[in-house]
Number of protein chains: 2
Amino acid sequence: MLSQKAKYALKAMLALAEQKNGELLQAADIAEHQNVPRKFLELILLELRKQGLIHSHRGKHGGYALAKPADTITFGQIVRIMDGPLAPIPCASLTGYRRCVDCQDEKACAIRKAMREVRDAAAGILDGMTLESACSGGSAGARAALTS
Amino acid sequence: MLSQKAKYALKAMLALAEQKNGELLQAADIAEHQNVPRKFLELILLELRKQGLIHSHRGKHGGYALAKPADTITFGQIVRIMDGPLAPIPCASLTGYRRCVDCQDEKACAIRKAMREVRDAAAGILDGMTLESACSGGSAGARAALTS
DNA sequence: GCATAATCACATTGAGTTGATAGGAAGGAA
DNA sequence: TTCCTTCCTATCAACTCAATGTGATTATGC
């Protein structure tokens, strides 16, 4: 399940990506236009900044902007920052692997194999979908996934 | 995220699928061999029975068995019973669609499009993976997904 | 320099979910 | 009858999620 937090983060990042030549956008504006609780959004933006995806400016006429070009930021990065690994189960994760305590033989585990496939598919789609490609409306993620 | 409940359900169903000619298997045996809390497992088996995936027999020499051939029961069915829709977000779900209250234009929503792709990929894999194919060890789910 | 406006940083809250356990009721076999 | 096993409901503690509150800090404009 994608949390509200991750969904709001994606919305905010897409809003920032639509700003022309990296102009600042304020939390209050994003909150209003995207229908996101303002204070909750601040929390999210803070986290995105700490992870280096956006930078911020304080004081009057402050706000937020992408820290990198929109075609170098993927849905996968954003979702992982907010919700952690994409894999449905830790033993199938690359970025957050953890062994199942109740698993006898991990190598032969059919559940792990299935979940690994799901993880790979999700990663293929979300890591192939950039803010840029999402803004221009296309289904670039799917194409990238199919050719990788 | 796949819940413990769903993971335990998959393990239990795989154990039942490995029984020869539908012989009964008791909750206590499954619990022991699969490292699952016994009472929690009972809860899970109850739910699987109510959904018609297994049937049960009470009393001495009672137990559980699949209600249908192993090649007609998919991971997708089991996961949906335990955890609900596969889609990461309700607005991208086929089986449990719900509109996002904060979404302006669902048709154009890039997040929804991405999550729909993830859902379709996950469904392709999990609905193509049967207890039968999982038992025989192969990655039949992946093959089914690719050809569907 | 002062008021204003914005981000930064925690702390807290309330609701809901998850994972698990308890205790018996009901049904079947020996 | 007497075990044995499933059936069913209730309960629990711990945790997570979504959101709010309260200030502190920093920059701008007058």
Side-chain angles (χ1 to χ4, degrees), chain A residues 1-12 16 23-32 34-67 79 81-85 88-90 96 100-102, chain B residues 1-12 16 23-32 34-67 79 81-85 88-90 96 100-102:
Chain A
M1 250 316 243
L2 195 77
S3 67
Q4 288 284 94
K5 209 170 148 194
K7 192 178 75 174
Y8 291 163
L10 288 170
K11 289 176 99 172
L16 292 177
E23 270 179 25
L24 295 177
L25 200 53
Q26 296 184 350
D29 289 337
I30 303 176
E32 189 184 352
Q34 306 295 326
N35 272 313
V36 175
R38 161 124 185 280
K39 290 300 282 178
F40 194 25
L41 179 63
E42 276 186 24
L43 228 62
I44 290 164
L45 292 169
L46 198 60
E47 213 164 327
L48 290 169
R49 183 184 63 88
K50 284 183 180 167
Q51 296 297 322
L53 261 55
I54 61 180
H55 61 72
S56 61
H57 222 246
R58 296 217 264 198
K60 215 166 195 171
H61 304 138
Y64 300 87
L66 296 185
V79 171
I81 287 172
M82 293 295 140
D83 286 358
I89 196 169
C100 282
V101 287
D102 56 299
Chain B
M1 245 322 238
L2 194 77
S3 68
Q4 287 284 93
K5 210 169 146 194
K7 192 179 77 174
Y8 291 162
L10 288 170
K11 289 177 98 172
L16 291 178
E23 271 179 27
L24 294 179
L25 201 53
Q26 296 185 348
D29 289 337
I30 302 176
E32 189 184 354
Q34 306 294 326
N35 273 313
V36 175
R38 162 129 182 279
K39 291 297 281 181
F40 194 25
L41 179 63
E42 275 186 25
L43 231 59
I44 290 163
L45 291 168
L46 198 60
E47 212 165 329
L48 290 169
R49 184 184 62 87
K50 285 183 179 167
Q51 297 296 323
L53 261 55
I54 61 179
H55 60 73
S56 61
H57 221 245
R58 298 215 266 199
K60 212 165 196 170
H61 305 134
Y64 299 87
L66 296 185
V79 171
I81 288 171
M82 294 295 141
D83 286 356
I89 196 169
C100 283
V101 286
D102 57 299

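So you know, we letter chains A, B, ... as the sequences are listed, proteins then strands, and number each from 1.
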What nucleotide among D:dC7, D:dA18, C:dC8 has an atom nearest to a side-chain atom of B:Arg49? D:dC7

Please give, in whole Å, the distance from D:dC15 P to B:Met1 CE? 15 Å

Measure CD1/A:Ile44 against P/C:dT7 and give the value in whole Å, please. 14 Å

Pick base, sugar-phosphate or nothing for B:Ala27, based on heavy-atom distances below 4.0 Å to the nucleic acid. sugar-phosphate

Between the protein and nucleotides 19-22 of chain D, are there any N/O to N/O pairs under 3.5 Å, and if so, what are the atom names and distances?
unit_1: D:dA19; atom_1: OP2; unit_2: A:Tyr8; atom_2: OH; d: 3.3
unit_1: D:dT22; atom_1: O4; unit_2: A:Lys39; atom_2: NZ; d: 2.8

Whole angstroms only, please: what is the CE-C1' distance between B:Met82 and C:dT18? 14 Å

Is B:His61 close enough to D:dC3 that one of its side-chain N or O atoms is under 4.0 Å from OP1 or OP2 there? no

Just the rounded figure in Å: distance from P of C:dT7 to CD of A:Glu47. 17 Å

Nearest to the side chain of B:Lys5, which nucleotide is it out of D:dC7, C:dG19, D:dA18? C:dG19

A:Tyr64 side chain, from C-beta outward: closest of C:dA6, D:dC8, C:dC8: C:dC8

Which is true for B:Lys50 with a 4.0 Å heavy-atom rule: it touches a base, it touches only sugar-phosphate, or it touches nothing? sugar-phosphate

Looking at A:Ser3, does any N or O in its side chain come under 4.0 Å of the phosphate oxygens OP1/OP2 on D:dT16? no

Taking OP1 and OP2 of D:dT5, is either one under 4.0 Å from a side-chain nitrogen or oxygen of B:Ser56? no

